Amino acid sequence: MQIQEDFSLRQLNTFGLDQCARFFSEVYSTEDLTEVLRWCDERAIPVWVLGGGSNVLLTSDLEGMVIKIGIKGREVVEETEDHVLVRVGAGENWHEFVMFAVAKGWGGVENLSLIPGTVGAAPIQNIGAYGVEVKDVFHSLEAIDKKTTSLVFFDSKGCAFGYRDSYFKGQGKNRYVICYVTFKLSKSPVYNLTYGNVEDMLHELGYVEPSLTAVSETISFIRRQKLPDPSRIGNAGSFFKNPVVSLAQYQSLKDNHPTLQGFPTKDGMKIAAAWLIEHCGWKGKRWGTVGVHDRQPLVLVNYGQGRGQDIVNLSQAIAKAVMEKFGVPLEVEVNFW
Ligand code: FAD
Ligand code: NAP
């Protein structure tokens, strides 16, 4: 067990915010993790769990322990004619796992190409993109209960996956450390090309037929065109969730704003938060050292010298403007620390 003190997290969060952790430890096994958790428990030190830092907003220094999950490994634990179950260490890079699956010819995660972060964080907000969510390929996960340090297994039901949501963002928040995730991938992939311009773009890129490689490369191409690269400009992806409103509210909004698009969900109509923010005049706006991205207004950016609190203030001003103009509350997707 190696514990560092007064550790800068600047390189470990994609907003590039320069905050310190009083204690920091990277763990490479469940045994390492248990040891650090016990050390913290004995001293009543609060614990934050960090993956790739691509969905956190550091608002101050952290008077506790930040544990970075470095647990690696990819192992096939079951194989049939149709599918494989792959158990993956929580510290594996998500996109590298996608590339591994694509190279093996295993389908299911290709639409989730180029999402930053780690495998262990993927179930936390049930990552999703281009019509696919991690719940669609999820089999089970193994986690350590922070309080008791016992090992707990979760199946899909136990994770209570929702839209960019799960048990781990609700009742189970801050209680478990995910160590391994097992995915069920298909050996006879069914391609999901119905989202936006994915199919057209695939052909434009010269692919005649879809394949795992073609889909993955098409998604990566679309993402690179639109989304800011965190290594160049600090951001944590979509700052807010897309709101789901009642059919009545959607109809009333649509009557006044005919270009508004709605996507039916089981709870009502999902509308694009980016559209709402843009139509309040925030797209591309600079707010001192931080601002709103000029191609995707759902993404708030740090131009380099911003503080977490600047991003919080900006996000509150945006949410207030959207509420005043459209009567729609915006819910934050990023995790505030
Ligand atoms: P972190 O930011 O390190 O942590 C996020 C949360 O999960 C924290 O609360 C943390 O405590 C918790 N956590 C992390 N690891 C563990 C663990 N092992 N056990 C328990 N808790 C843990 N998200 C999407 O859904 N779809 C997208 O298309 C998408 N695109 C993005 C594009 C960009 C440019 C960026 C910057 C972000 C994007 N995101 C997207 C958001 C982000 O990539 C995902 O939420 C990702 O899963 C976060 O992974 P991470 O390892 O960086 O998590
Ligand atoms: P986009 O394609 O411009 O679409 C705008 C919004 O409309 C999206 O948020 C999407 O909801 C919704 N939408 C579009 N077509 C849809 C369809 N056929 N069915 C259902 N909903 C549809 O969005 P974008 O910003 O370029 O992002 C592309 C994809 O990557 C999206 O799935 C987005 O969620 C994902 N992404 C997520 C993050 C993050 O941090 N969470 C960051 C970047 C990109 P959904 O978001 O529900 O798909």
Side-chain angles (χ1 to χ4, degrees), residues 9 12-16 27 30 33 47-58 66-71 89-95 111-134 141-146 163-166 168-169 172-181 192-198 219 222-244 260-265 269-276 278 293 295-302 333-337:
L9 298 168
L12 299 184
N13 73 100
T14 59
F15 263 126
V27 297
T30 46
L33 169 66
V47 168
W48 286 268
V49 179
L50 185 68
S54 64
N55 207 20
V56 291
L57 178 71
L58 306 178
V66 169
I67 303 180
K68 180 161 166 58
I69 306 302
I71 301 170
E92 289 283 350
N93 175 275
W94 174 263
H95 181 65
N111 288 42
L112 303 177
S113 294
L114 222 60
I115 297 182
T118 55
V119 164
I124 303 276
Q125 73 157 10
N126 178 26
I127 55 167
Y130 301 93
V132 172
E133 293 177 321
V134 94
L141 66 78
E142 296 148 62
I144 296 285
D145 185 330
K146 272 177 171 174
Y163 178 61
R164 304 289 188 272
D165 200 17
S166 75
F168 305 102
K169 286 194 97 173
K173 192 172 169 142
N174 295 333
R175 180 156 170 203
Y176 299 96
V177 185
I178 296 171
C179 296
Y180 290 94
V181 186
N192 184 337
L193 307 175
T194 55
Y195 185 103
N197 65 343
V198 171
I219 298 285
I222 297 172
R223 291 183 71 101
R224 283 195 188 100
Q225 280 188 321
K226 184 163 181 189
L227 294 164
D229 175 355
S231 67
R232 289 162 177 259
I233 182 157
N235 77 90
S238 305
F239 199 85
F240 301 101
K241 286 186 188 181
N242 290 312
V244 176
L260 176 70
Q261 256 195 304
F263 301 94
T265 72
M269 278 298 216
K270 181 181 72 180
I271 52 180
W275 188 96
L276 299 171
E278 180 173 355
H293 192 246
R295 272 169 287 149
Q296 173 43 295
L298 196 45
V299 177
L300 306 191
V301 297
N302 175 14
E333 182 175 296
V334 171
N335 301 280
F336 285 20
W337 281 10

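Just so you know, ligand 1 is whichever comes first in the structure, and atom 1 is the first atom listed for that ligand. Keep in mind that this is a model prediction, so the values were computed, not measured.
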Margin query: Could you identify the single nearest non-hydrogen protein atom to atom 33 (C) of ligand 2 and state the distance to 0.1 Å?
Written below: R164 NH2, 3.9 Å

Notebook entry, point to check: Looking at Q296, which atoms of ligand 2 are within less than 4.0 Å of one of its heavy atoms?
Noted result: 24 (P), 25 (O)

Check: Of the choices R223, K68, H293, which has the non-hydrogen atom that lies closest to atom 32 (C) of ligand 1?
Finding: R223

Note to self: For atom 6 (C) of ligand 1, what's the nearest protein heavy-atom neighbour? Residue, atom name and distance, please.
What the structure shows: N335 ND2, 3.4 Å

Notebook entry, point to check: At a 4.0 Å threshold, what atoms of ligand 1 neighbour a non-hydrogen atom of Q125?
Noted result: 23 (N), 24 (C), 25 (O), 41 (C), 44 (C), 45 (O)

Note to self: Checking a contact table here: which protein heavy atom is nearest atom 39 (C) of ligand 2, and how many Å away?
What the structure shows: S238 OG, 3.1 Å

Next item on the list: Between L227 and ligand 2, find which residue part has any heavy-atom pair under 4.0 Å and reply side chain, backbone, both or neither.
Entry: side chain

Next item on the list: Could you say whether the N/O atoms of Y130 and ligand 2 ever approach to under 3.5 Å?
Entry: yes

Check: Which one holds for E333 and ligand 2: side chain close, backbone close, both close, or neither close, with close meaning a heavy atom under 4.0 Å?
Finding: side chain

Margin query: Heavy atoms only: which of C179, A143, G172, A121 lies closest to atom 53 (O) of ligand 1?
Written below: A121

Margin query: Among all protein heavy atoms in this structure, tell me which lies nearest to atom 19 (N) of ligand 1, with the distance rounded to 0.1 Å.
Written below: I178 N, 2.8 Å

Notebook entry, point to check: So is there a nitrogen or oxygen of G52 less than 3.5 Å from a nitrogen or oxygen in ligand 1?
Noted result: yes

Check: Which residue pairs pass the side chain to side chain donor-acceptor pair (under 3.5 Å) test with at least one member in residues 229-240, sequence neighbours excluded?
Finding: D229-S231

Next item on the list: Could you tell me whether A129 and ligand 1 have an N or O pair separated by under 3.5 Å?
Entry: no

Checklist line | Within-cut-off N or O pair, G128 and ligand 1, under 3.5 Å | finding: yes

Checklist line | Closest candidate by heavy atom, reference atom 22 (C) of ligand 1, pool D229, N111, I124, V56 | finding: I124

Next item on the list: Could you establish whether F239 and ligand 2 come within less than 4.0 Å of each other, counting only heavy atoms on the residue side?
Entry: no

Check: Backbone or side chain, does any N or O of N55 fall under 3.5 Å from an N or O of ligand 1?
Finding: yes

Next item on the list: Just need the protein heavy atom nearest to atom 2 (O) of ligand 2, so name the residue and atom and give the distance.
Entry: Y195 OH, 2.9 Å

Check: Does E333, backbone or side chain, put an N or O under 3.5 Å from an N or O of ligand 1?
Finding: no

Next item on the list: Please confirm whether I127 comes within less than 3.5 Å of ligand 1 when only nitrogen or oxygen atoms on both sides are compared.
Entry: no

Checklist line | Any N or O of N126 closer than 3.5 Å to N or O of ligand 1 | finding: no

Margin query: Can you give me the closest heavy-atom contact between Y180 and G89, atom names plus distance?
Written below: CD2-CA, 3.6 Å

Note to self: Give me the residue, atom name and distance of the protein heavy atom closest to atom 19 (N) of ligand 2.
What the structure shows: F263 CD2, 3.7 Å

Next item on the list: Flag P116 as yes when one of its N or O atoms lies below 3.5 Å from any N or O atom of ligand 1, and as no otherwise.
Entry: yes

Next item on the list: Answer yes or no: does an N/O atom from S54 fall short of 3.5 Å to an N/O atom of ligand 1?
Entry: yes

Next item on the list: Looking only at protein heavy atoms, identify the closest one to atom 39 (N) of ligand 1 and say how far it is in Å.
Entry: I115 CG2, 4.2 Å

Note to self: Below the 3.5 angstrom mark, is there an N/O of A236, backbone or side chain, next to an N/O of ligand 1?
What the structure shows: no

Check: Does Q261 have a heavy atom less than 4.0 Å from any atom of ligand 2?
Finding: no

